[in-house]
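Taking it in order: structure first as structure tokens, then the write-up.
The model shown is predicted, which means the values in this text are computed figures rather than measured ones. Every chain is numbered from 1 and lettered A, B, ... according to where its sequence line falls, protein lines coming before strand lines.
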Amino acid sequence: MRLLEYQGKELFDQYAIRIPKACLAHNVDEGKEAAARLGYPVVLKSQLMVGGRGKAGAILKCKTEMEMVSKFNELMYKEIKGEIPRGILVEETVDLKNELYLSLFLNRSKRTYSLIASAEGGMEIENVENKIIIDIPINGLSLQNAEDVARKIGLTGNTLIAFTDFTMKLSNLVNEKEAELAEINPVGILYDGSLVALDAKVIIDDNAMFRHPELKKYEQIPELQAQAEQSGFSLVELDGNIAIIGNGAGLVMSTLDMVSDAGGKAGSFLDFGGRATTETIYEALKVISKIKKIDGILVNLFGGIVKTNLVALAILEAYKNKVIGVPLFARISGAESEKAKEILKGSQAKLYDTVEEAICAVVKEVSK
Amino acid sequence: MSEDFDIFDILIGKESDKDYKKKPIIIQGITGSYGSTHTRLMKAYGSNIVAGVTPGKEGQNFEGTPVYNSVSKAVKTSGAKISGVFVPANFFLDAAKEALDNGIKLLIAIPEHIPIKDSIKILEYAQVQGAKIIGPNTPGVIVPEIMKVGIMPVQPFKAGNVVVLSRSGTLMYEVSYILTRAGYGQKLCIGIGGDPINGTNLVEAFNMVSDREDVESIVVVGEIGGDSEEQLADYLLRTKFAKPVVAYIAGRFAPKEKRMGHAGAIIYGNYGSADSKVSNFAKADVPVAKRPSDIPELLSKKLGD
């Protein structure tokens with residue numbers, strides 16, 4: 001689960017990592033009130049999941065209330081990279097001497113947590129040459145480790161102490177909240193040498209959410225996706241008009257690639273998972289039916305864990321009850337697949353022996 | 001990493017062993033619906049399931065297989081070194097620890113949705129104990145026509161000399177089925193798992209099998225997310241590995257920053273992208289199939305058939 005900036009900053013605040021004074025506003029009146037309280041100038045920050053907000057014009061500085069009102073309205077309704085903001089963070093401005101970078105993240109290749117720090121903050125860390133990367137021992141970062149890092153990026157005096165403190169607190173946050181990533185970019189250095197977290201990017205491990213009821217309030221899953229998850233499926237909505245359904249993430253990804261290679265455009269990715277039954281597959285077709293732009297459904301099933309004859313029954317039922325109306329093209333192989341073919345004979349669903357044939361047919365159908 | 005870990009030795013043993021191809025296996029979570037269904041299927045395939053563990057159910061038996069409260073008892077009565085774990089994700093860490101504490105040397109972790117922190121913890125623990133973990137979120141392992149520990153259907157697999165290493169479950173079945181139909185049977189298929197943290201990653205799995213004389217070639221089924229394919233490509237380059245290796249990568253058209261079904265299948269920036277994996281394999285002279293059905297042809301070319 002990726003947290004929005006203001007949510008990440010709420011966590012920072014709980015861990016006593018200093019953040020600028022700010023207030024989340026959902027309409028211009030709330031915005032005015034917040035800005036008046038903070039005092040001008042203020043910064044308006046669109047609350048979006050996407051990165052590169054600065055460049056995309058999603059962060060704007062305002063000197064007066066008039067400016068604030070017009071910019072607030074601009075941001076509130078501005079779609080950036082396909083995303084509508086979930087509120088505007090109205091934040092005090094701070095005078096900075098310099099900017100640093102700090103993050104802790106799950107290092108997949110090393111199968112441990114790592115830390116990255118740099119004296120060059122405010123840029124994408126991939127493009128920064130001078131950075132320190134260290135692994136974090138299983139029992140946590142020691143004060144000595146944290147201080148060494150601060151020294152290595154060239155900090156001294158108050159700033160060294162403050163950065164060490166930030167690092168330790170962020171490490172506790174990552175450990176206790178089971179984050180895959182906690183990034184502060186930039187960490188602002190004020191003129192008195194103290195530090196403030198100007199941005200927050202926090203990703204919580206979805207699989208650990210059952211241990212964190214306190215983070216539930218941040219969960220904002222799109223309705224369709226939530227419905228799919230409730231049935232044990234994974235759904236990713238895409239831009240095209242072919243709904244792709246299959247059992248197994250890898251298989252559905254592979255089908256998505258082949259559809260794209262054949263000139264088709266996938267409108268959704270839906271992985272049944274291993275334990276689908278007639279009822280849950282029927283649910284899946286219901287989910288798909290709610291995606292407006294779908295002109296054809298492609299089912300790629302490799303039987304075995306899933307009994308393919310059950311899938312066939314569900315498809316038949318979905319047509320009968322008018323849950324789905326668009327043509328469906330299926331490749332069903334593996335356990336009980338002969339039975340499945342028998343069941344679907346004479347229905348609006350067309351069965352093929354290979355996925356390539358099914359893809360060819362669905363791409364042709366939707367480009368009619 | 002213990003380089004001398006011979007997975008075949010653990011799974012089927014040596015010809016001189018009294019229990020050759022009949023190595024004892026325990027199933028943790030044997031009485032659950034998932035555990036019981038698959039225990040039945042594993043036994044039917046020839047796996048020597050000798051005991052099951054479900055706390056509170058000692059004294060019962062599952063279709064002739066005794067059930068115990070603890071791993072310690074299940075191992076003591078059977079001498080098993082392999083455990084198939086079918087417990088729910090929130091019980092996994094404790095169940096796996098118990099297994100490793102009691103002499104299990106190969107733990108096949110089937111459940112999905114295990115927290116990353118638990119995976120890291122159990123991995124550290126396994127290293128200390130000199131044990132190996134396959135998974136989590138894996139379909140398991142199969143030695144075709146001999147035994148399996150996992151949830152895979154058996155129809156796709158046939159005995160032979162190819163090793164299949166796959167991050168995806170269904171694609172492991174699909175690719176093996178394609179190989180089988182093209183006349184390439186499999187020596188062993190290992191499901192690496194779809195999580196961000198793999199108990200045995202691609203390089204380690206590769207190491208477990210690559211030096212054996214009866215392994216002729218290796219097919220790697222990768223997907224977007226992480227960099228284990230890149231690590232393997234780099235390893236092949238460095239070691240100038242001579243046997244034929246062919247790969248397939250799923251997710252060339254997956255959008256960035258979206259989790260594609262598997263917890264581990266997510267691209268951040270260029271990290272984890274299919275492009276990065278394909279180009280690294282190309283550097284290591286590993287042909288990457290555009291679709292699963294192209295694998296046999298690439299393999300045939302590599303083998304010089």
Side-chain angles (χ1 to χ4, degrees), chain A residues 2 49-51 106 108-109 111-113 124 126 138 175 178-181 203 205-211 233-239 246-261 265-266 269-271 273-275 300-306 333-335 354-356, chain B residues 34 89-90 112-121 123-124 139 151-156 166-174 177 194-198 201 221 223-228 231 248 250-255 257-265 269-271 274 290-293:
Chain A
R2 164 123 188 227
M49 297 287 182
V50 296
L106 172 74
R108 289 176 63 162
S109 20
R111 290 178 292 200
T112 184
Y113 278 85
E124 277 189 48
E126 289 80 14
I138 189 87
N175 186 34
E178 303 192 58
E180 285 178 54
L181 169 76
I203 301 175
D205 176 8
D206 290 320
N207 290 344
M209 278 300 287
F210 71 94
R211 290 196 281 238
F233 306 145
S234 302
L235 173 74
V236 179
E237 289 183 67
L238 302 164
D239 295 331
N247 59 330
L251 188 72
V252 186
M253 263 192 276
S254 161
T255 313
L256 167 66
D257 292 344
M258 285 190 278
V259 165
S260 309
D261 283 336
K265 283 206 158 60
F269 164 104
L270 195 144
D271 168 18
R275 278 196 252 189
N300 187 9
L301 272 184
F302 198 90
I305 315 168
V306 173
S333 96
T354 66
V355 67
E356 284 89 349
Chain B
Y34 215 38
N90 48 334
E112 196 182 349
H113 302 308
I114 291 171
I116 288 164
K117 204 173 173 183
D118 295 1
S119 291
I120 293 178
K121 274 188 192 162
L123 208 62
E124 292 262 335
I151 57 174
M152 65 287 282
V154 299
Q155 298 87 343
S166 177
R167 282 179 58 200
S168 148
T170 339
L171 272 185
M172 179 169 101
Y173 320 157
E174 174 86 297
Y177 189 45
D195 276 2
I197 299 291
N198 307 128
N201 63 24
V221 183
E223 65 185 28
I224 54 160
D227 60 1
S228 60
Q231 285 183 353
Y248 171 73
R252 282 182 289 121
F253 284 88
E257 296 220 9
K258 296 268 186 204
R259 242 173 252 281
M260 302 303 282
H262 282 151
N270 189 44
Y271 180 72
K290 210 171 173 194
R291 50 186 187 183
S293 56

- Query: Can you tell which of B:Ala250, B:Gly226, B:Pro196, B:Gly261 has the highest number of heavy-atom pairs within less than 4.5 Å of chain A?
  - Reply: B:Pro196

- Query: Say you draw a straight line from CE of B:Met152 to CZ of A:Phe302; how long is it, rounded to the nearest 0.5 Å?
  - Reply: 12.0 Å

- Note on the structure: Here the gap from A:Arg111 atom CZ to B:Asn201 atom CG, rounded to the nearest 0.5 Å, amounts to 4.0 Å

- Based on non-hydrogen pairs under 4.5 Å, which of A:Thr255, A:Thr112, A:Leu256, A:Val252 is most in contact with chain B? A:Leu256

- Query: Which residues satisfy the side chain to side chain contact (heavy atoms under 4.5 Å, CB included) test with A:Asp205, sequence neighbours excluded?
  - Reply: A:Glu180, A:Asn207, A:Ala208, B:Pro115, B:Ile116

- Item | For the student: nearest non-hydrogen atoms of B:Ser293 and A:Glu356, plus distance | OG-OE2, 2.5 Å

- Query: Which heavy-atom pair separates B:Lys117 from A:Asn175 by the least distance, and what is that distance?
  - Reply: NZ-O, 2.9 Å

- After noting the C-alpha distance and the side-chain angles of B:Ile120 and A:Tyr113, does the key distance pass the side-chain contact (heavy atoms from CB on, under 4.5 Å) rule? CA-CA 9 Å; B:Ile120 293 178; A:Tyr113 278 85; 3.8 Å; yes

- Item | Between OG on residue A:Ser254 and NZ on residue B:Lys290, distance to nearest 0.5 Å | 12.5 Å

- Do you know the tightest heavy-atom contact between A:Arg108 and B:Gly225? NH2-C, 3.6 Å

- Task: Examine whether an atom of A:Asp206 lies under 4.5 Å from a heavy atom of chain B, and if so say whether it belongs to the side chain, the backbone or both; otherwise answer neither.
- Result: side chain

- Message: So for B:Pro139, is it side chain, backbone, both, or neither that comes closer than 4.5 Å to the heavy atoms of chain A?
- Response: neither

- Item | Top contributor to chain A contacts, counting heavy-atom pairs under 4.5 Å, from B:Asn198, B:Val221, B:Asp195 | B:Asn198

- Let me know if A:Leu235 has heavy atoms under 4.5 Å from chain B in its side chain, its backbone, both or neither. neither

- Note on the structure: Of all heavy-atom pairs linking B:Phe253 and A:Asp261, the shortest is CE1-OD1, 3.4 Å

- Message: If I take atom CZ from residue B:Arg291 and atom OG1 from residue A:Thr354, how far apart are they, to the nearest 0.5 angstrom?
- Response: 8.5 Å

- Message: Need one label for A:Glu126: side chain, backbone, both or neither, based on atoms under 4.5 Å from any heavy atom in chain B.
- Response: neither

- Non-hydrogen atoms of chain B under 4.5 Å away: do they reach the side chain of A:Leu181, the backbone, both or neither? neither

- Heavy-atom distances under 4.5 Å only: say whether A:Leu106 touches chain B with side chain, backbone, both or neither. side chain

- If you tally heavy-atom pairs under 4.5 Å against chain A, which of B:Met260, B:Glu223, B:Gln231 wins? B:Met260

- Query: So which part of B:Glu112 gets closer than 4.5 Å to some heavy atom of chain A, the side chain, the backbone, both or neither?
  - Reply: neither

- Item | Gap between atom OH of B:Tyr248 and atom CG of A:Asp257 - 0.5 Å precision | 5.0 Å

- Message: At a 4.5 Å cut-off on heavy atoms, which part of B:Asn90 comes close to chain A: side chain, backbone, both, or neither?
- Response: both

- Closest heavy-atom contact between B:Arg259 and A:Val236? O-CG2, 3.5 Å

- Query: Who among B:Lys258, B:Lys121, B:Glu124 has the most heavy-atom pairs with chain A under 4.5 Å?
  - Reply: B:Glu124

- Listed partners of A:Ser109 passing side-chain hydrogen bond (donor to acceptor under 3.5 Å, both in side chains), at least two apart: A:Asn107, B:Asp227

